[in-house]
Asks: 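Before I ask anything, let me first share the structure, which is written out below as structure tokens.
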Amino acid sequence: MAAPTPRSFLQVAATEEVASPLLVVQIEGLAILKIIKHCKEFSPALVTGQLLGLDVGTVLEVTNCFPFPIREEDEENEAEGANYQLEMMKCLREVNVDNNTVGWYQSTLLGSFQTVELIETFMNYQENIRRCVCIIYDPSRSSQGVLALKALKLSDSFMDLYRNHNFTGEKLREKNLSWVDIFEEIPIKVSNSALVSAFMTELEADTPVTQCDYDRLQLSTNPFMERNMEFLIECMDDLSMEQQKFQFYYRSLSRQQAQQQAWLQKRRAENAARKAAGEEPLPEEDPSNPVFKPVPEPSRLDSFLITNQVSNYCNQINGVAGQNFSRLYMMKALHEN
Amino acid sequence: MAANEHTVLQFTSSSASLSARVHPLVIFNICDCYVRRPDQAERVIGTLLGSISPDGTVEIRNSYAVPHSESSGQVALDIEYHHNMLVSHQKVNPKEVIVGWYSTGLGVTGGSALIHEFYSSEVPNPVHLTVDTGFRNGQGTIKAYVSFNLSLGDRQLAAQFQEIPLDLRMVEAERVGFDILKTTVVDKLPNDLEGMEASMERLLALLDDVYKYVDSVVEGRVPPDNNIGRFISETVSSLPKLSPSALDKLVNNSVQDNLLLLYLSSIIRTQLSLAEKLNTAAQIL
């Protein structure tokens, strides 16, 4: 990789106008450890926190973060939360930490993070910061020896649609947006200062086996798989509910169209009769008639999100099953030896 | 300052079994603060948060830097900042209390006694952690101290800093993987299977080592070591004794379970993509 050339502020300011796409999220080891500590200590409760860092060209650097206290639904507490945030930022700036918000992190349970709340939070952040990112950490998967960190952002086309609350089939088709296009996953890079790297080399244990290896070679993944399947089944139920909604919508739509046709024919017949009698014809459209009231089309957002979830679970199952196969065959080989 | 039994100086040594355990986050935090220290500052100091387990081990879980200034024997600590930060941290995790303070540099210096006195007023018997970020003796020395008052009768003579054992095993860091934390830049996080591969390679290498050792002992090239022998035989006997048919059955059952799950998940995926196609088709009609 070519070393990034240092740029002066002027150069940076000059290039600022061209919005370059966000390609990589670069996280400091410190921020990763902080996120993991916070998420793990409170697991299975879901927690969030703020990410601090810098936005440099196509790279979003996350250099520090701080946790939010667990939220309670209360007006007073909300103000307190905002205060806490300000106070923390002020304090961190005093010890020269980058105090530029670049997004937030949150923990999740088995990857069930695709919710409307996440989208709303993202939109809120997006209003204030041009470029922001959400980091998702899954403490339940880390017991499998996997570093389950994900950096996500909403795709631009989805944000456009969301702002206009347009989730009808027609609009989606127009934009060519499918459920895969809601979230964009951004590759994560980890960086450490030379000092940290020196200390970690110094402190690395001499033993050739680490905790990580033990976790990975653990044979009992059944509870994890079971939970995963349970969630998957729940999601499938939700999805079929959504599908039913659509079926209901289409059925009522076609019934309405039939009714409209019937009404129009009746009206035309009436008009023909009136014409024959030499009277004024009645208008062919009558907005006050309940038959013409458009049936509201259900939003597809929910079904999109659920679909995302389902595919996420499928990916997880695939991954873990793959691991299981290797473990099983290894165990078999060991026994045969 | 060797503790002499015949000395008239009285130690108030109440905690002989005191030891400390540092979590990797603290080291990371201290390093980060040191890198970001103000221009003229030579060292950074800060508060350590954590808990004390029943057996007397001090668990140092978290830390934050506190701005300070030092000049010719005088130390000024931003106490207000310290309290603000403490309140903020306790909002998130009330279980973490002050357990001591840290400073960069090698060993205890003159100004440390004053700061230690301040922290003693915050919490009884604080731990003083020093992290040598300058690598002055060629390695990053991390030490923990507690302070005892040396007194002659009622008179306070001095404070003695006594080193306490420090546990630096970084289980949390191991969970994340030293490979990621050790190097300055990692381009990509390993996914499920890549991590698995690395672990298996390591296991294979270990097995190879054991084979080699056993072979060379059998051939008489290496003097046998009873301890190692016992470890090996323990390891081998820890494999459960199963008849080949039972093992086959076990493995096959698990493999089939997993295959079924894989099959289900791919069916669902196919279903999803099919449903999407149908949905868009329905809109065109």
Side-chain angles (χ1 to χ4, degrees), chain A residues 29-30 32-34 36-37 67 69 84 87-88 91 94-97 142 145-147 149 169-170 173 178 187-205 208 210-213 216-217 225 307 310-311 314 317-319 321-326 328 330 332 335, chain B residues 24-25 27-29 31-36 38 65 67 81 84-85 88 91-93 133 135 139-140 168-171 174-178 180-189 192-193 195-196 199-200 202-203 206 239 242 247 251 254-255 258 261-262 265 268-269 272 276 279-280 283:
Chain A
L30 170 70
I32 293 189
L33 282 179
K34 271 187 154 184
I36 291 176
K37 172 179 181 283
Y84 164 82
E87 184 74 16
M88 203 69 172
C91 283
E94 229 167 291
V95 286
N96 299 328
V97 171
S142 71
V146 185
L147 182 59
L149 270 183
E170 198 183 330
R173 195 156 27 93
S178 72
I188 293 182
K189 246 173 144 180
V190 183
S191 76
N192 288 304
S193 69
L195 190 60
V196 165
S197 151
F199 264 105
M200 280 341 259
T201 316
E202 189 86 7
L203 291 175
E204 190 181 6
T210 61
Q211 188 64 42
C212 191
D213 294 328
R216 278 183 197 144
L217 297 176
M225 285 300 234
T307 315
V310 170
S311 89
C314 286
I317 288 176
N318 273 6
Q323 273 186 324
N324 273 349
F325 283 134
S326 12
L328 284 170
M330 191 172 69
K332 207 175 163 191
H335 264 272
Chain B
L25 172 65
I27 307 290
F28 270 74
N29 219 338
C31 289
D32 190 64
C33 291
Y34 184 72
V35 171
R36 292 171 187 277
Y81 179 92
N84 282 346
M85 207 61 171
S88 298
K91 258 185 212 158
V92 176
N93 197 343
T133 42
F135 283 69
Q139 51 183 352
L168 283 168
R169 271 176 306 157
M170 311 237 150
V171 180
E174 284 182 356
R175 282 234 150 85
V176 180
F178 269 105
I180 289 171
L181 298 176
K182 209 167 65 183
T183 43
T184 43
V185 175
V186 177
D187 283 337
K188 195 177 155 292
L189 296 179
D192 298 7
L193 284 178
M196 196 70 201
S199 285
M200 280 182 147
R202 255 173 287 187
L203 184 68
L206 282 180
L239 281 179
L242 284 173
L247 177 76
V251 171
S254 309
V255 167
N258 277 308
L261 286 177
L262 268 186
S265 81
I268 289 170
R269 268 196 232 204
L272 286 185
E276 201 196 337
N279 270 349
T280 34
Q283 286 153 19

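Within every chain, numbering begins at 1; the chains are lettered A, B, ... in the order of the sequence lines, protein sequences first and strands thereafter.
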Asks: Identify which of A:Val196, A:Val190, A:Thr307 forms the greatest number of heavy-atom pairs closer than 4.5 Å to chain B.
Replies: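 When all of A:Val196, A:Val190, A:Thr307 are compared, A:Val190 has the most.
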Asks: Below 4.5 Å, heavy-atom pairs only: which of A:Val97, A:Val310, A:Asn324 has the largest tally toward chain B?
Replies: A:Asn324
Asks: Less than 4.5 Å to any heavy atom of chain B: does that hold for the side chain of A:Lys37, its backbone, both, or neither?
Replies: side chain
Asks: Give the minimum heavy-atom separation between A:Tyr84 and A:Pro69, together with the two atoms involved.
Replies: CE2-CD, 3.4 Å
Asks: After noting the C-alpha distance and the side-chain angles of B:Met85 and A:Val95, does the key distance pass the side-chain contact (heavy atoms from CB on, under 4.5 Å) rule?
Replies: CA-CA 12 Å; B:Met85 207 61 171; A:Val95 286; over 6 Å; no
Asks: So what's closer than 4.5 Å to chain B heavy atoms on A:Pro187: side chain, backbone, both or neither?
Replies: neither
Asks: So, for A:Ile317 and A:Met225, which heavy atoms are closest and what is the spacing to 0.1 Å?
Replies: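 So the minimum-distance heavy-atom pair works out to O-CE, 3.9 Å.
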Asks: As an exercise: rank B:Ile27, B:Asn93, B:Val35 by heavy-atom pairs under 4.5 Å with chain A and give me the winner.
Replies: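 Looking at each of B:Ile27, B:Asn93, B:Val35 in turn, B:Asn93 comes out on top.
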Asks: Please classify the contact between B:Leu247 and chain A as side chain, backbone, both or neither, with a heavy-atom cut-off of under 4.5 Å.
Replies: side chain
Asks: Determine whether a donor-acceptor pair (N or O, by modelled atom type, separation under 3.5 Å) exists between the side chain of A:Asn192 and the backbone of A:Ser197.
Replies: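 The answer is no, because no donor-acceptor pair under 3.5 Å joins these two groups.
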Asks: Is B:Asp32 reaching over with its side chain to a backbone N or O of B:Phe28, donor-acceptor style, under 3.5 angstrom?
Replies: no
